[in-house]
S.K.: 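For reference, the structure I am asking about is given below.
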Amino acid sequence: MFILGISVTRAARRVVLSSSKLKMTLQNGSVTSTRSCFSTADNNNNLRWDLTPEEIRNRTQRLIQRIKQAYDSVDSVDIGKVCFENTLQVIADAKAEYAASRHVLDFPQYVSPCKEVRLASTEADKRLSGFDVEVSMRADVFQRLIALQEKQSGDLLPESERFLGRLIKLGKRNGLHLSKDIQEEIKSISKQISELSIDFNQNLNEENTVLLFSQEDLVGLAESYVNGLEKAEDGWYKVTLAYPHYFPLMKRCHVPETRRKMEMAFHSRCKDVNTAILEQLIELRARLAKLLGFSSHANYVLEMTVAKNSENVARFLDELYKRLRPVGEQERQYLLSLKRADCERRGLAFDGQLHAWDMPYYMNQVEQVKFAVDKDKLIEYFPLEVVTEGLLNIYQDLLGLRFQRVEDALVWHDSVKLYSVLDSVTGEEIGQFYLDLHPREGKYGHAACFGLQPGCLGLDGNRRMPVAAMVANFTKPTSSWPSLLQHHEVETFFHEFGHVMHELCSQTRYAEFSGTQVETDFVEVPSQMLENWVWEKEPLRRMSRHYKDGSPIPDSLLDKLIASRVANTGLMNLRQIVLSKADQTLHTKDRADTAAEFAKHSEDILGIPATPGTNMTASFSHLAGGYDGQYYSYLWSEVYSMDIFFSRFKKEGILNPKVGREYRRVVLEAGGSVDGMDMLKAFLGREPCQDAFFQCKGLAQTITEQNSQ
């Protein structure tokens, strides 16, 4: 998942970047220190993570004043004298400064170890988001942009022409061509939507439920898992709802009641407060869409995507459901047979049903029974340090880059690391990224990439260096046990780091198009494409070693792992259709009962009832994080990502640097300055197609059979 712009503070840590040391991890694992990039880092990454709550408040006010002055200067231009320099360039410079200055203020809410700082950052985000609405509703500036388009259209550089056209389109989408009364209503609703979305995610970030279980309640879990749990005074184990606790337990715990309690708690997170917020958001979004002349919020947001409208999305999801349904039903029946046998073996009553708390457990058994994947053995070969080293080296080789560790860097927590990214040919520093990989109280609970500083031309005409952060929640190491990753966590790491590379490799003129500022249903394409590397032998070997003796993964285990990629294909993709359909349904209505809508789609599509009393959508952060009406994007963009992988990389070499650098140039460097579909055509040399997507899902035979009927 990619989240637009945001990063954090640690008041006790002040480090001057100009005195930083840089560390580069080489192929053989050795380390070299250098000072070659100090001035570049100091001049280009001025992000501070030691701001106090009061400093955050003061900086927020000053930033708003500076940007307002820039827009006021555009308003002061006589409409007959508008030109590129006094209108579009002023706005471009203001947007670049705003994006570069904002995220030391609004990112700390996601990662700061200090609650007061997180609260101040959340309030800053609300103020800045309210200011965003004010700026987006500047009819005076909009009129001058219209005048500039009429006056200079055709005389501008292609990216400048695209930038101008986008600003005008966004102005119309904000109702600046409508009456003043409607504009004021749009502004009021937009501010409410912004504040409610921030509250929704803050509630999830601060969620800290802990469940207590005895040793007997945790039967079936790996020794590494149990050893990593804290104990209460009475000796019971503390289990949180954070990913490193929740998912392994749901997949491995033999005790149904333990799984039921965990699933119930997990899908009840922030249930009361966030259900109310989400249902209010749905009503406000629908009202806003109607004011702007759209039949639904879904159609409003989809206008700016590759899909264009909800009818196309519905057709895509329905066609995919038709192909997946028979496979999913076969898999569901197989899970039931596994449950029956498991109940008989353990002396438990078999109720003839699959519940939500059964699904992860028996889907995990499919991998063990059908593919003989030994998860306990497999995890021992993926210590986090080894995975990180291998992953970074693969990305370096593939994209023509070098990563250097920045020592003594200013970060928001001791566990965070900063890296500099250099072009391997020119040695030029093109960006920096932070890795924040372990859970802690108050931290963002999922895995995501945060853009912190855009890569674009700065006020002086020189290129501003992009900066991004990857935030994840991988198991913490302990004094007696290293951080070991499940294979799906390795896949998550590879995916999110793909977003980081998209952020850092872009070479755009404007902040508006920097990095991942592409269509929402294209933004996941680069990252999803790169997930394929964790299902190929050579990359897996480079990212793995046994944590005790450094031995490689046996070929037999690798073969079983790779073969298991198609395990549960039907059910996992049907689950994505459930979420996509629920999202579309919620955002094509004027109001909705969110728990009921999700339950209906889960029952109808998956055949699995939602647990009574829960509401999954109350913790469905995508619905308040920029994917509202657009969650289908994960499936939609996977069609394109698989086409890229199988048509170019699989055919010409998955670690072929020539193809990798072409990919970097055509797709990553373009950012949002080119339409996603045009990038695809340029890299593929043809129109994209769906064949590779179904091949990857193991459905090619199903398709052939259906087509022959």
Side-chain angles (χ1 to χ4, degrees), residues 1-7 44-45 47 92 95-104 106-107 110 159 162-163 166 304-306 395 398-401 403 418-423 428-436 447-458 462-471 494-530 625-627 630 633 637 640-641 644 660-661 663-676 678-680 683:
M1 178 181 180
F2 175 76
I3 296 183
L4 297 181
I6 320 171
S7 200
N44 287 281
N45 182 352
L47 301 172
K95 281 181 170 286
E97 182 189 355
Y98 187 56
S101 303
R102 173 173 181 153
H103 302 317
V104 294
D106 64 5
F107 178 55
Y110 295 96
E159 190 175 336
R162 183 180 178 86
F163 181 41
R166 177 175 173 79
M304 301 291 282
T305 65
V306 177
Y395 271 99
L398 189 66
L399 300 178
L401 302 169
F403 302 149
L418 175 65
Y419 292 82
S420 178
V421 180
L422 290 79
D423 183 274
E428 175 190 4
E429 185 179 33
I430 65 169
Q432 293 188 346
F433 64 87
Y434 299 91
L435 293 181
D436 183 354
C449 168
F450 293 80
L452 302 179
Q453 183 168 283
C456 59
L457 296 186
N462 293 321
R463 177 155 298 280
R464 187 188 296 273
M465 184 179 69
V467 182
M470 181 187 157
V471 177
F494 226 86
H495 174 99
E496 295 303 337
F497 198 77
H499 284 310
V500 172
M501 291 295 95
H502 200 177
E503 279 289 319
L504 303 191
C505 290
S506 71
Q507 295 284 309
T508 60
R509 185 179 188 87
Y510 298 110
E512 192 82 3
F513 302 130
S514 176
T516 54
Q517 302 288 335
V518 299
E519 302 97 325
T520 306
D521 51 4
F522 187 79
V523 73
E524 298 294 337
V525 170
S527 290
Q528 287 178 329
M529 193 277 292
L530 289 157
Y627 281 74
Q630 300 164 95
S633 299
S637 56
Y640 302 139
S641 67
I644 291 173
R661 292 185 190 201
Y663 176 73
R664 173 183 158 189
R665 177 179 58 80
V666 174
V667 178
L668 302 184
E669 289 185 0
S673 65
V674 178
D675 285 348
D678 290 339
M679 286 185 235
L680 282 171
F683 188 69

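For reference, positions follow the sequence shown, starting with 1. Hydrogens, waters and symmetry mates are skipped; everything else that's a heavy atom, side chains included, is used.
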S.K.: Is there a side-chain contact between I430 and L401 (heavy atoms, below 4.5 Å)?
M.R.: yes
S.K.: Who passes side chain to side chain contact (heavy atoms under 4.5 Å, CB included) against E519, sequence neighbours left out?
M.R.: V306, D521, F522, D675
S.K.: Could you grab the distance from atom OG of S101 to atom CG of D106, nearest 0.5 Å is fine?
M.R.: 11.0 Å
S.K.: Measure across G515 and S506 and return the closest heavy-atom pair with its distance rounded to 0.1 Å.
M.R.: N-OG, 2.9 Å
S.K.: Tell me the closest heavy-atom pair linking M470 and F497, and the distance in Å.
M.R.: SD-N, 4.1 Å
S.K.: Enter the distance from L452:CG to N45:CG here, rounded to the nearest 0.5 Å.
M.R.: 8.5 Å
S.K.: How long is the straight-line distance from CD of Q517 back to CZ of R166, given to the nearest 0.5 Å?
M.R.: 7.5 Å
S.K.: Among residues at least two apart in sequence or on other chains, which ones pass side chain to side chain contact (heavy atoms under 4.5 Å, CB included) with E159?
M.R.: T508, R509, Y510, F513, S673
S.K.: Treating S514 as the side-chain partner and G455 as the backbone partner, does any N or O pair qualify as donor plus acceptor under 3.5 Å?
M.R.: yes
S.K.: Counting N and O atoms only, with roles assigned by atom type, does the side chain of R464 sit under 3.5 Å from a partner on the main chain of A511, one being a donor and the other an acceptor?
M.R.: no
S.K.: I'd like to check the salt bridge (charged side-chain N to carboxylate O under 4.0 Å, His left out) partners of R665; sequence neighbours left out, ordered by chain and number.
M.R.: none
S.K.: Does any part of the side chain of V500, heavy atoms only, come nearer than 4.5 Å to the side chain of Y395, both counted from C-beta?
M.R.: no
S.K.: Answer whether the closest heavy-atom distance between the side chains of P526 and Y663 falls below 4.5 Å.
M.R.: yes
S.K.: Mind checking side-chain hydrogen bond (donor to acceptor under 3.5 Å, both in side chains) for T520 and listing every partner two or more places apart, or none if nothing turns up?
M.R.: Q630
S.K.: Taking atom CD of E496 and atom CG of L435, what is their separation to the nearest 0.5 Å?
M.R.: 12.0 Å
S.K.: Measuring only between side-chain heavy atoms, which start at C-beta, is Q432 closer than 4.5 Å to L418?
M.R.: yes
S.K.: Can the ring centroids of F450 and Y434 be said to lie less than 6.0 angstrom from one another?
M.R.: no
S.K.: Output the distance between atom CG (L399) and atom CZ (R661), rounded to the nearest 0.5 Å.
M.R.: 9.0 Å
S.K.: Can you list everything that forms a side-chain hydrogen bond (donor to acceptor under 3.5 Å, both in side chains) with R664? Sequence neighbours excluded, please.
M.R.: D423
S.K.: Which residues pass the side-chain hydrogen bond (donor to acceptor under 3.5 Å, both in side chains) test with E669, sequence neighbours left out?
M.R.: none
S.K.: Taking side-chain hydrogen bond (donor to acceptor under 3.5 Å, both in side chains) as the definition, give me every residue that meets it alongside S633, ordered by chain and number, with sequence neighbours left out.
M.R.: none
S.K.: Looking at every heavy atom in both G431 and L504, which two are closest together, and how far apart are they?
M.R.: C-CD1, 4.3 Å
S.K.: How long is the span from the CG atom in N462 to the SG atom in C456, to the nearest 0.5 Å?
M.R.: 11.5 Å
S.K.: Is a side-chain N or O of Q453 found less than 3.5 angstrom from the main chain of M465, in a donor-acceptor match?
M.R.: yes
S.K.: Does S637 have any side chain to side chain contact (heavy atoms under 4.5 Å, CB included) partners at least two apart in sequence or in another chain, and if so, which?
M.R.: E524, V525, Q528
S.K.: Can you check side chain to side chain contact (heavy atoms under 4.5 Å, CB included) on E429 and V421, steps first, answer last?
M.R.: CA-CA 6 Å; E429 185 179 33; V421 180; 6.0 Å; no
S.K.: Any chance the side chains of H502 and T516 put a donor and an acceptor closer than 3.5 Å?
M.R.: no
S.K.: Kindly determine whether E512 and R162 satisfy side chain to side chain contact (heavy atoms under 4.5 Å, CB included), including the steps that lead there.
M.R.: CA-CA 10 Å; E512 192 82 3; R162 183 180 178 86; over 6 Å; no
S.K.: Looking only at heavy atoms, what is the nearest atom pair of M679 and A670, with distance?
M.R.: SD-CB, 4.1 Å
